[in-house]
Protein chains: 2
Amino acid sequence: MVVYELSEEQTNKVFRALADATRRDIVARTLHAEVSISTLAADYDMSFAAVQKHVAFLESAGLVSKIARGRERIVRGQPDTIRHAQQLLSSLEEIWRQRINRLDDFLADEAT
Amino acid sequence: MVVYELSEEQTNKVFRALADATRRDIVARTLHAEVSISTLAADYDMSFAAVQKHVAFLESAGLVSKIARGRERIVRGQPDTIRHAQQLLSSLEEIWRQRINRLDDFLADEAT
DNA sequence: GTATCGTACAACCAAATGGTTGTATATGAA
DNA sequence: TTCATATACAACCATTTGGTTGTACGATAC
């Protein structure tokens, strides 16, 4: 799997985009299947414009993409960007794992 | 591994907390080793109070914990919360994976 | 051709964010 | 005891966020 490096600003945007329940739901739905913005909007208790803004934010974060189909805009989830976020979290967890290893080494030294 | 369910609000907070480079750095450093707030603050180009606020936010998101040691407050990264976030991202990726499986099924049907 | 649908976008607003400075307080050092 | 250090916290400020309504416009349906 090829991994592209994200700029710090892009990384901020990705996590920011995920920090909202409506946007996480949109990501989930558009990863499941392609959906138009108006179809998405029908299920949330907010204006169409508000949903449109959420989609725009997700698009600028790279978590979804939009393509025109007739008068509709079809939204599609972007699994690659999810994987970038996953990778960052994995690297954090790895830092912790290595700390535990160092602690094990220390305890092993103490035991001798 | 036991997995606790996070409230939607807590999930928002976790991702919000990760959407800032300084906070991600603090998480990385405190997962690597325990550090006092003032030690953390020395390395950032902002006031002590600003770093203190970042730590407070991370603490309320469950990404770090603080314990008192003398006049210092020692900050420690919390790998469990990282794993919660990982798990949510994994579930999103899984949605996409299942969509691909459905697509494979569809193509297999077409081929018959 | 006209009406409707789906979208884009601007202007506006309240609340949250991310920083600042200043003050208070507890601990540790001299 | 006195001074310096580490933290907590309040007040303040500019910017961003997450919502709203209103207007405009291309695509589709009648």
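Chain identifiers are assigned alphabetically (A, B, ...) following the order of the sequence lines, protein sequences preceding nucleic acid strands; residue numbering begins at 1 within each chain. Just so you know, these numbers come straight off a predicted model, no measurement behind them.
Rounded to a whole Å, the CE atom of A:M46 is 13 Å from the C1' atom of D:dT17. Between B:L40 atom CG and D:dA8 atom P the separation is 12 Å, expressed in whole Å. Atom CG in A:D20 sits about 12 Å away from atom P in D:dT17, given to the nearest Å. Nucleotide D:dG26 holds its C1' atom 17 Å from the CZ atom of A:R69, rounded to whole Å. Atom CD1 of A:I67 is separated from atom P of D:dA27 by 16 Å (rounded to the nearest Å). The interatomic distance linking A:H54 (NE2) with D:dT17 (P) rounds to 12 Å, in whole Å.
Evaluation of the side-chain contact (heavy atoms from CB on, under 4.5 Å) rule for B:E34 yields A:R99, B:R69, B:I74, B:R76 as partners, not counting sequence neighbours. Remark: B:R102 engages no residue in a salt bridge (charged side-chain N to carboxylate O under 4.0 Å, His left out) (not counting sequence neighbours). With sequence neighbours excluded, no residue forms a side chain to side chain donor-acceptor pair (under 3.5 Å) with B:Q52.
Dashed line: the shortest gap from a side-chain N or O of B:S47 to OP1 or OP2 of C:dG19 is not under 4.0 Å.
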For nucleotides 4-7 of chain D, which of its nitrogen or oxygen atoms have a protein nitrogen or oxygen under 3.5 Å away, and what is each distance?
{"unit_1": "D:dT5", "atom_1": "O4'", "unit_2": "B:R71", "atom_2": "NH1", "d": "3.4"}
{"unit_1": "D:dT5", "atom_1": "O2", "unit_2": "B:R71", "atom_2": "NH1", "d": "3.3"}
{"unit_1": "D:dT7", "atom_1": "OP1", "unit_2": "B:I37", "atom_2": "N", "d": "3.2"}
{"unit_1": "D:dT7", "atom_1": "OP1", "unit_2": "B:R73", "atom_2": "N", "d": "2.8"}
{"unit_1": "D:dT7", "atom_1": "OP1", "unit_2": "B:R73", "atom_2": "O", "d": "3.4"}
{"unit_1": "D:dT7", "atom_1": "OP2", "unit_2": "B:S38", "atom_2": "N", "d": "2.6"}
{"unit_1": "D:dT7", "atom_1": "OP2", "unit_2": "B:S38", "atom_2": "OG", "d": "2.9"}

Quick test: give all pairs of protein nitrogen or oxygen and nucleotides 10-17 of chain C nitrogen or oxygen below 3.5 Å, distance rounded to 0.1 Å.
{"unit_1": "C:dT17", "atom_1": "O3'", "unit_2": "B:R16", "atom_2": "NH2", "d": "3.1"}

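Within the structure, side-chain hydrogen bond (donor to acceptor under 3.5 Å, both in side chains) contacts touching residues 18-27 of chain B (residues at least two apart or in different chains) are A:N12-B:R24, B:R23-B:H54, B:D25-B:Y44.
Between A:G70 and A:D45, the one whose closest nucleotide on DNA chain D sits nearer the 5' end is A:D45.
Counting heavy atoms from C-beta on, the side chains of A:S90 and B:Q86 come closer than 4.5 Å. At least one side-chain heavy atom of B:F48 sits under 4.5 Å from a side-chain heavy atom of B:I37.
With rounding to the nearest 0.5 Å, the separation of CG in B:L40 from CD1 in B:I26 is 5.5 Å. The CG atom of B:L31 lies 9.0 Å from the CD atom of A:E93; values are rounded to the nearest 0.5 Å.
Judged by distance alone, the side chain of A:T30 and the main-chain N or O of A:V75 form no donor-acceptor pair under 3.5 Å.
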